[in-house]
Amino acid sequence: MAGSNRDVAERLRFMAQLLEVTGEEDVFKVRAYERAAQQVEGSPVPVSELDEKALVAIPGIGSGIAKKIASIVRTGTFPELSELKAKIPDSLPELLKLDGVGPKTVHRLWMKLGIESIEDLEKAARSRRIRAVKGFGEKKESEFLRSIAQYRASATRMTRDRADAVVAKVASVLTPGTFEVAGSYRRGKSTVGDIDIVSKESPRAVNARLRPIADEMINEGEQRTSVRCLGERVDIRFTDIGSFGSMLIYLTGSKDFNIRLRALAIERGLKLNEYGLEERTGGTFHTFPDEASLFATLGLPLIPPEIREDRGEIERALAGDLPVLVGPGAIRGDLHVHTSATDGRMTLEELAGAGAERGYEYILISDHSSTLHITHGLDADGVTAQGKEIERVNRTSVCQLLAGIEVDIMADGSLGLPDRVLGDLDIVIASVHSGLHEEKDTMTRRILSALANDHVDILGHPTGRLFPSRAAYDLDMDRVMEVAKGNRTALEINASPYRMDLDDPQIREARDRGLLLSIGTDAHEREDLGNISHGITLARRGWCSPGDILNTMDRDALLRWAS
DNA sequence: GCCGTTTTCGGCCCGACTGTTTTCAGTCG
C-alpha cells in the first residue's frame with residue numbers, strides 16, 4: 001500500500017533526484033524535497049493520518065509539499081513527479097550514485113553525449129568520447145571507470161560488525177587517545193557507508209603508517225586522507241588539538257544536523273565551521289577542544305551523537321528538554337539467546353558464566369521451537385527438560401537464567417507450541433521465521449493473532465529484515481504497535497548486526513506511543529553477547545530512556561511484568 | 001520549496017579538494 005512514511009519519503013526523494021538531473025532547478029528546491037523526505041522518514045506518526053495543517057507543522061514541510069504528500073497517500077504519486085518522470089530516462093538518477101558524479105555532470109553528459117545509464121557512461125569513457133566535451137578530460141574518463149568498478153563491487157553498506165573490523169584495523173596504526181571515529185558509525189546507524197575518523201596526529205606520520213595496511217591510498221592530503229582498507233573507504237581528517245571539538249561535530253554530522261547547527265550559529269551572530277566559531281562582526285575566532293564547550297557557546301547541552309539527525313533534537317535541546325538516553329550501565333540482562341540444545345553453541349552453564357562476567361542479573365534462554373526444524377528446535381518435552389536444567393544451574397549461578405522460548409509464529413497465526421507449555425515459561429518471544437513473502441494483510445493478521453495470545457510477552461525481530469539480502473516483510477506496523485500496546489506486549493530490538501530490527505524510526509515511534517522495548521542479542525555463541533551494545537545504540541537512536549527498555553528492570557520486576 | 005521578534009522576498013552551511021581551468025565549477029563530506 002502506498003502511504004507509509006517510507007513510501008512517501010521515497011517518492012519525495014525521487015523527486016529531488018529528478019530535479020537534480022534536470023539541472024534546471026536551484027539546489028535549494030532539491031534540498032527542500034530531501035529535507036521533507038528525511039522528516040517524513042523520521043516522523044513517529046504516519047503522515048497518512050495527518051491533515052494539511054498538521055503536516056505544515058512539521059519543520060521543512062510547507063503547504064506545497066503537504067499537498068504532494070496528500071496526493072501520494074491518495075494516489076501513490078503526485079502530478080509534478082509524474083510529469084518529470086516522463087521527461088527523464090529511468091536509468092539517469094542511478095548515475096548520481098557514482099563517486100565524483102553529481103547532477104551537473106549527469107545533465108551535461110546526457111545532453112552532450114546522450115548518456116542515460118551507467119552502461120552508457122562506461123562505453124563512452126572506454127571509447128574516449130568524453131574528453132571531447134568541454135570541461136572534461138582524460139583524468140575524468142579514468143575516474144568514471146574507477147567509480148563504476150567501485151560502485152559495482154560494493155553496492156551495499158557495511159554491517160556494524162564489519163565496520164568494527166575496519167575501525168580496528170585502522171585504529172591499530174593510530175595512537176590511542178589521539179583520534180575519534182565520527183560519521184554514521186559514531187551516530188550508531190544500523191549500517192555504515194564509510195568510516196570517518198578525526199585525528200590529532202601529524203598527517204605525514206599517519207599516512208606513512210597507513211600505507212602498509214591499506215588496500216589503496218585514494219588520496220593523501222595535509223588536511224584529509226582517504227584510503228581503502230578491507231575493501232571499505234576510510235576518510236581521516238586531521239586537526240590540531242584546539243579545534244578537535246568543532247572538527248568532531250562537523251565530521252559526526254548528520255549533514256542535516258550540521259546545517260541546522262550552522263543556521264543556529266547565524267541566529268546568534270556567529271559563523272560555524274569545522275575550525276570553530278567566528279563572530280560575524282569583529283571577526284574574533286573561537287576554538288573548542290571538545291564538543292561540549294562548542295554546544296554550550298551556542299546555548300545547547302551536549303546532544304548525544306545518536307540523535308543528531310535533525311528530527312527535533314535541536315528544538316528539544318534549546319528547550320532544555322532532551323530525553324535522558326538509556327546507556328550500557330542500565331542494562332541488567334540479555335533477553336534473547338540460544339543454547340547448544342538447539343542451534344546455539346553455548347551450554348546453560350557457559351551462558352550463566354558469561355552473563356555473570358558481564359555483570360548481568362539475568363539472561364533469557366530463548367531457543368527455537370521444534371517447528372523450526374532446521375535448528376532442531378525444542379518440543380514440549382525438550383522445554384520441560386531444559387526448565388529442569390535451568391533450575392539446577394540457577395542454584396549456583398550469580399546470573400539467573402530465565403526460562404523462555406522463541407516460539408514460531410506459524411502461517412495461520414498459531415504458535416509452534418501449545419499454551420500449556422508456554423504458560424509454564426517465564427517469558428515468551430514469538431517470531432516469524434517462515435512464509436516471509438506473504439501479502440501485507442496476511443502477514444499483519446498472522447502477527448496480530450500471535451500477539452493476541454496472553455502468553456506472548458515479546459514480538460521478536462518484528463520486521464524480519466536481514467542484511468544485506470532480505471528486506472523487511474510487508475507489515476502494517478502501525479496496527480501491530482496499536483495491538484501490542486493494548487496487550488502490553490513488548491517489541492524486540494534485535495541487536496544482531498545482521499538484523500538491527502526494529503530500526504530506529506520505528507523504535508522512536510514505539511517509544512512515543514508508550515510501548516516497552518526489549519533488547520536481545522539473539523546470541524548463538526559467546527562473542528555474540530557483545531552485540532548488546534548495538535541494541536543499546538539503536539535504542540538511543542530511537543530516543544529511549546531506561547524506563548522504555550525492559551532490560552533495565554530487575555529480575556523480580558521483569559517476572560511480575562511478564563506474569 | 002521553505003521560512004521569517006530585523007525579512008512575505010530573498011535568502012537558504014561551509015570549506016577542501018580535484019580537474020580543468022587561466023580564475024573556477026563541481027563534488028564531497
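Naming: A, B, ... by sequence-line order, numbering from 1 per chain.
Nucleic acid contact for A:L261: none, since no nucleic acid atom lies under 4.0 Å from a heavy atom of the residue.
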Next item on the list: Scan nucleotides 16-26 of chain B nucleotide by nucleotide, 5' to 3', and note B when protein non-hydrogen atoms come under 4.0 Å of the base, S if they reach only the sugar-phosphate, - if neither.
Entry: SSSSS-----S

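The shortest non-hydrogen separation linking A:G253 to A:N258 is CA-ND2, 3.7 Å.
In B:dT5 the O4'-C1'-N dihedral to the base is more than 90° from 0, which defines an anti nucleotide.
In summary, A:E313 and A:R316 do not engage in a salt bridge, as defined by a charged side-chain N under 4.0 Å from a carboxylate O. For A:E509 and A:R513, the salt-bridge test passes: some basic side-chain N is under 4.0 Å from an acidic carboxylate O.
Among the nucleotides B:dC12, B:dC2, B:dC14, the one closest to any side-chain atom of A:I266 is B:dC14. Closest to the side chain of A:R233, from the set B:dG15, B:dC2, B:dG29, is B:dG29.
A:Y33 and A:F78 have parallel rings, their planes meeting at less than 30° on a 0 to 90° scale where 60° marks the start of perpendicular. Ring geometry for A:H107 versus A:W110: interplanar angle over 60°, hence perpendicular rather than tilted (30 to 60°).
Counting to the nearest Å, the P atom of B:dG1 and the CD atom of A:Q39 are 18 Å from each other. Between the CZ atom of A:R262 and the P atom of B:dC13 there is a distance of 10 Å, given to the nearest Å.
Comparing A:V101 and A:A263 by the nucleotide of DNA chain B that holds the closest heavy atom to each, the one mapping nearer the 5' end is A:A263.
A sub-4.0 Å separation between OP1 or OP2 of B:dC13 and a side-chain N or O of A:N258 is absent.
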